[in-house]
2 protein chains.
Amino acid sequence: MNLLHGLDGMDRRLLELLRQDARRTNASLAEELGIAASTCLARLKALRASGAVRGFTVDVDPAALGHGLVALVSVRIRPGARHRMEELFDRLRGLSGVQQVFFLGGEDDFLLHVAVADSEEVSRFVLKNLSADPAVAATRTSLVFRHEGGERPW
Amino acid sequence: MNLLHGLDGMDRRLLELLRQDARRTNASLAEELGIAASTCLARLKALRASGAVRGFTVDVDPAALGHGLVALVSVRIRPGARHRMEELFDRLRGLSGVQQVFFLGGEDDFLLHVAVADSEEVSRFVLKNLSADPAVAATRTSLVFRHEGGERPW
DNA sequence: AATGAAATGTTGGGGTT
DNA sequence: AACCCCAACATTTCATT
């Protein structure tokens, strides 16, 4: 798939505008880019089709959903369960409260970004979903005081 | 601000639909929710105004942007520089290649999610932006093999 | 690839219950 | 809060370059 070579400067400018506001109308994007609306639409379609654009989503304040506590949980898997990494990844990413899962090479095997109501719930989350699993060797939980993402300058 | 109490079941369903596709038209959202388009629009505006919805963004494949390597870098700050945490946070989140910054309570102080071209670039990133800073006591870099986010079931 | 034009679809403010 | 209306606006297809 043409990921690198299909991306010219106009595509990058388009992605940057969409990063700032994914709900802008095609007409307004086209105007700012100085191209015809139909051209802009064709480019966005091509970016979707090539897989460069995976989707569009909404950034919701976790607190608004009753998630007063955000944490990172690193997970180490037992040597004997290493062959189940793919399966474990899929299980972890389906758990309630899990926002992101990173599958790592290094000391730890997974890092979970979780959002829950309070400290009681994060402890329940770790005990029930992780510690109770025989594949899990160890976990380490860190509180997230502040989190920023999505405003990277490409 | 009314974050918790302004969120009823319909709001949550609306957010879930937008999470799946933030570029869906208001009319299509309203139809699936079984409410009038104007009502749906009013709810979305209210969610934006209350801060529950922070924005809409596009999910771009890092590889399409030439970022063949994704890593997590945890950063420990020297005890003598702890009073500069806020300032450090803002500096880190502005660095080129940084996708997310977590400010943590626990063993490490920050976790950076970075996307760069290759391993040469991640090493340059750490040496130039982190190790060279006198406030930084230690860093630890892990490769990200796989990353999923944004499909959490609220 | 990019364009303009035309048919079709969507938006969002105002007025109403 | 929710609804309907509808003029203004946006989208998308297609023939053309």
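All of these numbers come straight from a predicted model, not from anything done at the bench. Letters A, B, ... mirror the listed sequences (proteins, then strands); counts begin at 1.
- Applying the salt bridge (Lys or Arg N to Asp or Glu O under 4.0 Å) rule to A:Asp90 yields the partners A:Arg93, B:Arg146; only residues at least two apart in sequence or on another chain are considered.
- Both B:Met10 and B:Leu18 belong to a single network of hydrophobic side chains, linked directly or stepwise wherever heavy atoms of I, L, V, M, F, W or Y lie under 4.5 Å apart.
- Rounded to 10 degrees, the angle separating the terminal helix axes of the helix from C:dA1-D:dT17 to C:dT17-D:dA1, each built from five base pairs, is 30°.
- Chaining together hydrophobic side chains whose heavy atoms lie under 4.5 Å apart places B:Phe102 alongside A:Val70, A:Leu72, A:Phe102, A:Leu104, A:Leu111, A:Val144, B:Val70, B:Leu72, B:Leu104, B:Leu111, B:Val144.
- In the hydrophobic clustering, A:Leu41 connects to no other residue, as no ILVMFWY side-chain heavy atoms lie under 4.5 Å from its own.
- Here B:Arg24 pairs with B:Glu32 under the salt bridge (Lys or Arg N to Asp or Glu O under 4.0 Å) rule; sequence neighbours left out.
- In this view, B:Phe125 satisfies the ring-ring contact (aromatic ring centres under 6.0 Å, His included) rule with no residue, not counting sequence neighbours.
- Along DNA chain C, read 5' to 3', the first and last nucleotides having any atom under 4.0 Å from a heavy atom of chain B are C:dT10 to C:dG13.
- Legend: residues meeting side chain to side chain donor-acceptor pair (under 3.5 Å) with B:Glu31, ordered by chain and number and at least two apart, are absent.
- Every residue two or more places apart in sequence or in another chain that forms a side chain to side chain donor-acceptor pair (under 3.5 Å) with B:Arg82 is listed here: B:Asp109.
- Under the rule for a salt bridge (Lys or Arg N to Asp or Glu O under 4.0 Å), the partners of A:Asp133 that lie at least two apart in sequence or sit in another chain are A:Arg91.
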ask   = What does nucleotides 6-17 of chain D look like as a protein-contact string, B for base, S for sugar-phosphate only, - for none, at under 4.0 angstrom between heavy atoms?
value = ----SSBB----

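- Partners of B:Arg124 by salt bridge (Lys or Arg N to Asp or Glu O under 4.0 Å), not counting sequence neighbours, listed by chain and number: B:Glu120.
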